[in-house]
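This report refers to the structure that appears directly beneath it.
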Amino acid sequence: MQNIKQIAALDTFIVRHPVLRSEKPIESCHFEGDTLETTVHFGLFEAKNLLGVISLFEAKNDLFTSKKQFQIRGMAVLKQHQKKGFGEKLIMNSEKYCRDQNANLIWFNAREAAIGFYQKMGYQVKGLPFEIKNVGKHIVMFKEISNE
Ligand SMILES: CC(C)(COP(=O)(O)OP(=O)(O)OC[C@H]1O[C@@H](n2cnc3c(N)ncnc32)[C@H](O)[C@@H]1OP(=O)(O)O)[C@@H](O)C(=O)NCCC(=O)NCCS
């Protein structure tokens, strides 16, 4: 049985490092936005083991007109636990959190390899792909969320 709870920014590094920054020093796991007032980090646990993480914070992207926007960062599930539905659980939990904050839209820079996953979760791409230095090709994805 898994459960999702709020964790500290530093705790995310256990998953971020092997999944998102494996070739880089551990310090590279600190992301811009990690310590904003609106930032929350969630971890998915199974028997006390942290297997997946996601971070989100309020951030306005000028591509969108929605008033209250949240950005997702650092979405990652440990390799040996991928494709078990944990990513979906983390996304659903984050959407609920954003609805509770009366947000209207969630957006993020998606890695090319993860586009299919987010599309399954109901997200759409916006604009053209772009390169994030030392990380690879990304594209903006988003979902409008309603508070009803
Ligand atoms: C992308 C990621 C977060 C998905 O998490 P996950 O736990 O493996 O995904 P889930 O098991 O919840 O998958 C939900 C659905 O999406 C599908 N899916 C998962 N990863 C996919 C991918 N990369 N491409 C297409 N579909 C994918 C699953 O097959 C499943 O479909 P189903 O419901 O029809 O069976 C995870 O694979 C990961 O950490 N990848 C490496 C890091 C990364 O790319 N992070 C995103 C950065 S933007």
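First listed ligand is number 1; within each ligand, the first listed atom is number 1.
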If we ignore angles and hydrogens, is there a donor and acceptor under 3.5 Å between the side chains of Lys68 and Gln101?
-> no

Which ligand 1 atoms are under 4.0 Å away from a heavy-atom of Gly85?
-> 10 (P), 11 (O), 12 (O)

Under 4.0 Å from a heavy atom of Ala114: give me the atoms of ligand 1 that qualify, with their elements.
-> 44 (O), 46 (C)

Which ligand 1 atoms does Glu88 reach within 4.0 Å, using its non-hydrogen atoms?
-> 12 (O)

Distance filter under 4.0 Å to Tyr118 heavy atoms, resulting ligand 1 atoms = 46 (C), 47 (C), 48 (S)

Is there at least one pair of N or O atoms, one from Leu20 and one from ligand 1, spaced under 3.5 Å apart?
-> no

In the protein, which heavy atom is nearest to atom 26 (N) of ligand 1, and how far is it?
-> Phe117 N, 3.5 Å

Per-atom contact, atom 24 (N) of ligand 1, protein heavy atoms, under 4.0 angstrom | yes

Separation between CD of Glu144 and CZ of Phe64, rounded to the nearest 0.5 Å | 8.5 Å

May I ask you to check if Arg16 and Phe31 form a cation-pi contact, with NZ or CZ under 6.0 angstrom from the six-membered ring centre and within 45° of the axis?
-> yes

Does Lys83, backbone or side chain, put an N or O under 3.5 Å from an N or O of ligand 1?
-> yes

Looking at atom 39 (O) of ligand 1, what's its closest protein heavy atom, distance included?
-> Val77 N, 2.9 Å

Phe86 CZ to Ile54 CD1 distance, which is reported to the nearest 0.5 Å | 15.0 Å

Does an N or O anywhere in Met121 fall below 3.5 Å from an N or O of ligand 1?
-> no

Any chance the side chains of Ser55 and His41 put a donor and an acceptor closer than 3.5 Å?
-> yes

Sequence neighbours excluded, the answer for salt bridge (charged side-chain N to carboxylate O under 4.0 Å, His left out) partners of Lys137 is none

Check each atom of ligand 1 against the heavy atoms of Ala76 and keep those under 4.0 Å away; list them by number with element.
-> 39 (O)

Centroid-to-centroid, Phe108 to Phe142, below 6.0 Å?
-> no

Selected option - heavy-atom contact closest to atom 45 (N) of ligand 1, from Met75, Arg16, Met141, Arg111 | Met75

Atoms of ligand 1 under 4.0 Å from any heavy atom of Lys120, numbered from 1 in the order shown, are 15 (C), 16 (O), 17 (C), 31 (O), 32 (P), 34 (O)

Report, as yes or no, whether the 6.0 Å neighbourhood of atom CD1 on Ile26 holds more than 12 heavy atoms from other residues, nucleotides or ligands.
-> yes

Residue, atom name and distance, where the atom is the protein heavy atom closest to atom 7 (O) of ligand 1 | Gly87 N, 2.7 Å

In terms of side-chain geometry, is the basic nitrogen of Lys143 or Glu95 positioned less than 4.0 Å from the acidic oxygen of its partner?
-> yes

Nearest protein heavy-atom contact for atom 38 (C) of ligand 1: which residue, which atom, what distance?
-> Gln82 NE2, 3.4 Å

So, for Phe42 and Tyr97, is the gap between ring centers shorter than 6.0 Å?
-> yes

For Lys84, take its heavy atoms, then give the atoms of ligand 1 lying under 4.0 Å from any of them.
-> 11 (O)

Test of proximity, Ala110 against ligand 1: N or O pairs below 3.5 Å = no

Heavy-atom contacts with Val19 under 4.0 Å: which atoms of ligand 1 show up? List them by number with element.
-> 39 (O), 41 (C), 42 (C)

How far does CD1 of Ile139 sit from CD1 of Ile115, to the nearest 0.5 angstrom?
-> 5.5 Å

Any heavy atom of Leu90 under 4.0 Å from ligand 1? The part involved is neither

